[in-house]
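Have a look at the structure below, then the notes.
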Number of protein chains: 2
Amino acid sequence: MPAEQHPGRQGIRKIGAQAERIDSDLAAIRHAMRKPAEAEFAQAGLTVPQTALMRAVVLQNGVSLKELSRQLSLAHSTVSGIVDRLEGRGLLVRHNDPQDGRISRIHPAPEVKEFLRTQLPALTQGPLQAALKRAKPRERNAIEQTLRRLRQLLEEARSPAV
Amino acid sequence: MPAEQHPGRQGIRKIGAQAERIDSDLAAIRHAMRKPAEAEFAQAGLTVPQTALMRAVVLQNGVSLKELSRQLSLAHSTVSGIVDRLEGRGLLVRHNDPQDGRISRIHPAPEVKEFLRTQLPALTQGPLQAALKRAKPRERNAIEQTLRRLRQLLEEARSPAV
DNA sequence: ATACGATACGTCGTATACGACACATAATGA
DNA sequence: TCATTATGTGTCGTATACGACGTATCGTAT
């Protein structure tokens, strides 16, 4: 039997307790980031996911649903629903791709386009960015590195080195 | 127009870009943690939030809704809905507190109680714990420290020393 | 004792969020 | 050519998730 995994002699129990604490922190982080922090675009009546989606659409005119789904790490059906509501409000439009009939390309509505392009720098991340400003540069980098690593660890699960 | 020859100090723009990357990572982490990773209790038909709630209820028999809401970092209405469904399945029961009529104390259903108490160690966090096992102890600690710090930074915003 | 604010919970409407399924279109192979 | 497979969306059912509102109960001041 080869050498065991990384946990080594630090037992599973300890990792379990640590996982609970981390899970709790992640939940709190999610919760805190849900509110647009009274940001300027909350006044426009947009939720956080709607804002993120609008942002992506404005930056990448004519992006496909699949691509949006990938970028936002959301299921395509979820993105489809968000697009539905924004389209219903007249903030977005769907166009069929002339080359590939399967794809529906998503564009900002003409009126909104100009407005958003000028406003974009202002309506950034909100609570997260505010939090980062409170941190020291060293801390900011630690946060970014660590989250990337955790993401990597979680996504490694998919392909367990078959 | 002399573009940015010398960025000078690290301005808001840089933090904004960093915030975007972190936001993207957080979304991916959330996404990856949503799936119980084909864990043992997925077979029981429980979602991740339901599992977390059951876990809390089993460990703290007769916990109140408010307390659950606090521990899970969820709105009380959300917790109420989850309890509704679990109660509908016969996994939980609500009892009125005899001391304080406002409080409804939540207990595991008698049959489930015994079963879960023995199974609890096995059905832990799932994807998160699996990911942590893949990390070195040093990395695990870094993740915990960093997430706690980010949570703290985010929660500092709420109460400006009222 | 009674009024009144605070607290705990339930309910409602809406917006995510997912997987499963259906369908149209594209790409491939026989 | 034409069947088969793969891909991109849309839709449906269900489960979160929240804020707003209503209601019952508790604590407290009058």
Side-chain angles (χ1 to χ4, degrees), chain A residues 26-38 42 44-54 62-89 91-106 127, chain B residues 26-38 42 44-54 62-89 91-106 127:
Chain A
L26 277 174
I29 287 169
R30 192 177 324 170
H31 187 78
M33 286 187 50
R34 225 163 227 292
K35 342 198 150 190
E38 307 98 36
L46 292 189
T47 66
V48 172
Q50 285 175 345
T51 304
L53 194 148
M54 283 300 295
V63 66
S64 75
L65 198 79
K66 170 120 181 166
E67 179 59 20
L68 274 179
S69 169
R70 195 190 62 76
Q71 287 179 20
L72 301 178
S73 289
L74 294 175
H76 83 273
S77 54
T78 301
V79 177
S80 184
I82 299 175
V83 170
D84 279 350
R85 282 168 222 110
L86 290 173
E87 194 179 19
R89 287 206 209 174
L91 299 179
L92 291 180
V93 284
R94 284 188 231 227
H95 289 311
N96 288 338
D97 187 308
Q99 254 66 47
D100 187 335
R102 297 170 294 182
I103 300 178
S104 82
R105 306 218 160 266
I106 302 163
Chain B
L26 277 174
I29 288 169
R30 195 177 323 170
H31 187 78
M33 285 186 52
R34 216 162 239 289
K35 345 197 148 190
E38 306 97 36
L46 292 189
T47 67
V48 172
Q50 285 175 345
T51 303
L53 194 148
M54 283 301 295
V63 66
S64 75
L65 199 80
K66 170 118 180 165
E67 180 59 20
L68 275 179
S69 167
R70 194 189 63 76
Q71 288 180 20
L72 302 178
S73 289
L74 294 175
H76 83 272
S77 54
T78 301
V79 177
S80 185
I82 298 175
V83 170
D84 279 350
R85 281 168 223 110
L86 290 173
E87 195 179 15
R89 286 208 212 173
L91 300 179
L92 290 181
V93 284
R94 285 188 233 228
H95 290 309
N96 288 338
D97 186 308
Q99 254 68 47
D100 188 334
R102 296 170 295 181
I103 299 178
S104 82
R105 305 217 160 268
I106 301 164

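Protein chains get the first letters and strands the later ones, always in sequence-line order, with residue 1 at the start of each. All figures in this text were calculated on a predicted structure; none of them were measured in a lab.
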Test side chain to side chain contact (heavy atoms under 4.5 Å, CB included), reference B:Ser64, set B:Asp97, B:Asp100, B:Ile103, B:Ile106, output is B:Ile103
Filtered N/O pairs between nucleotides 8-12 of chain D and protein, under 3.5 Å:
from	atom 1	to	atom 2	distance (Å)
D:dG8	OP2	A:Lys66	NZ	3.1
D:dT9	OP1	A:Leu65	N	3.1
D:dT9	OP2	A:Lys66	N	2.7
D:dG10	OP1	A:Arg94	NH1	3.0
D:dG10	OP2	A:Arg94	NH1	2.6
D:dG10	N7	A:His76	NE2	3.3
D:dG10	O6	A:His76	NE2	3.1

Interatomic spacing from CG in A:Leu72 to NE2 in B:His31 - rounded to 0.5 Å: 11.5 Å
Separation of atom NE2 in B:His31 from atom C1' in C:dG19, rounded to whole Å: 11 Å
Starting from C1' on C:dA8, measure out to CD1 on B:Ile106 and report it in whole angstrom. 11 Å
Nearest-nucleotide 5' precedence on DNA chain C, A:Gln99 against A:Arg85: A:Arg85
Take the protein atom CG of B:Asp97 and the nucleotide atom P of C:dC9, then report the distance between them rounded to whole Å. 9 Å
Nearest whole angstrom, please: distance from the P of C:dG10 to the CG of B:Leu92. 12 Å
Atom CG of B:Leu86 and atom P of C:dG10: how far apart are they, to the nearest Å? 13 Å
5' precedence on DNA chain C between A:Thr78 and A:Pro98 (nearest-nucleotide basis): A:Thr78
Euclidean distance, atom CG of residue A:Leu68 to atom P of C:dT16 [Å, nearest integer]: 14 Å
Does C:dA15 have OP1 or OP2 sitting under 4.0 Å from an N or O in the side chain of A:Gln50? no
Atom pair distance, as rounded to whole Å: CZ in A:Arg30 and C1' in C:dA17: 12 Å
Can you tell if the side chain of A:Leu91 reaches within under 4.5 Å of the side chain of A:Leu46, non-hydrogen atoms only? yes
Output for pair (A:Met54 CE, A:Ile82 CD1), nearest 0.5 Å, gives 12.0 Å
Between atom CG of A:Leu26 and atom CG of B:Leu26, what is the distance when rounded to the nearest 0.5 Å? 7.5 Å
Can you check whether B:Arg85's main-chain N or O pairs, donor with acceptor, with B:Arg89's side chain at less than 3.5 Å? no
Quick one: does A:Ser104's side chain have a donor or acceptor within less than 3.5 Å of a partner on A:His95's backbone? no
Nearest-Å distance for atom pair CG/P, residues A:Leu74 and C:dA17: 5 Å
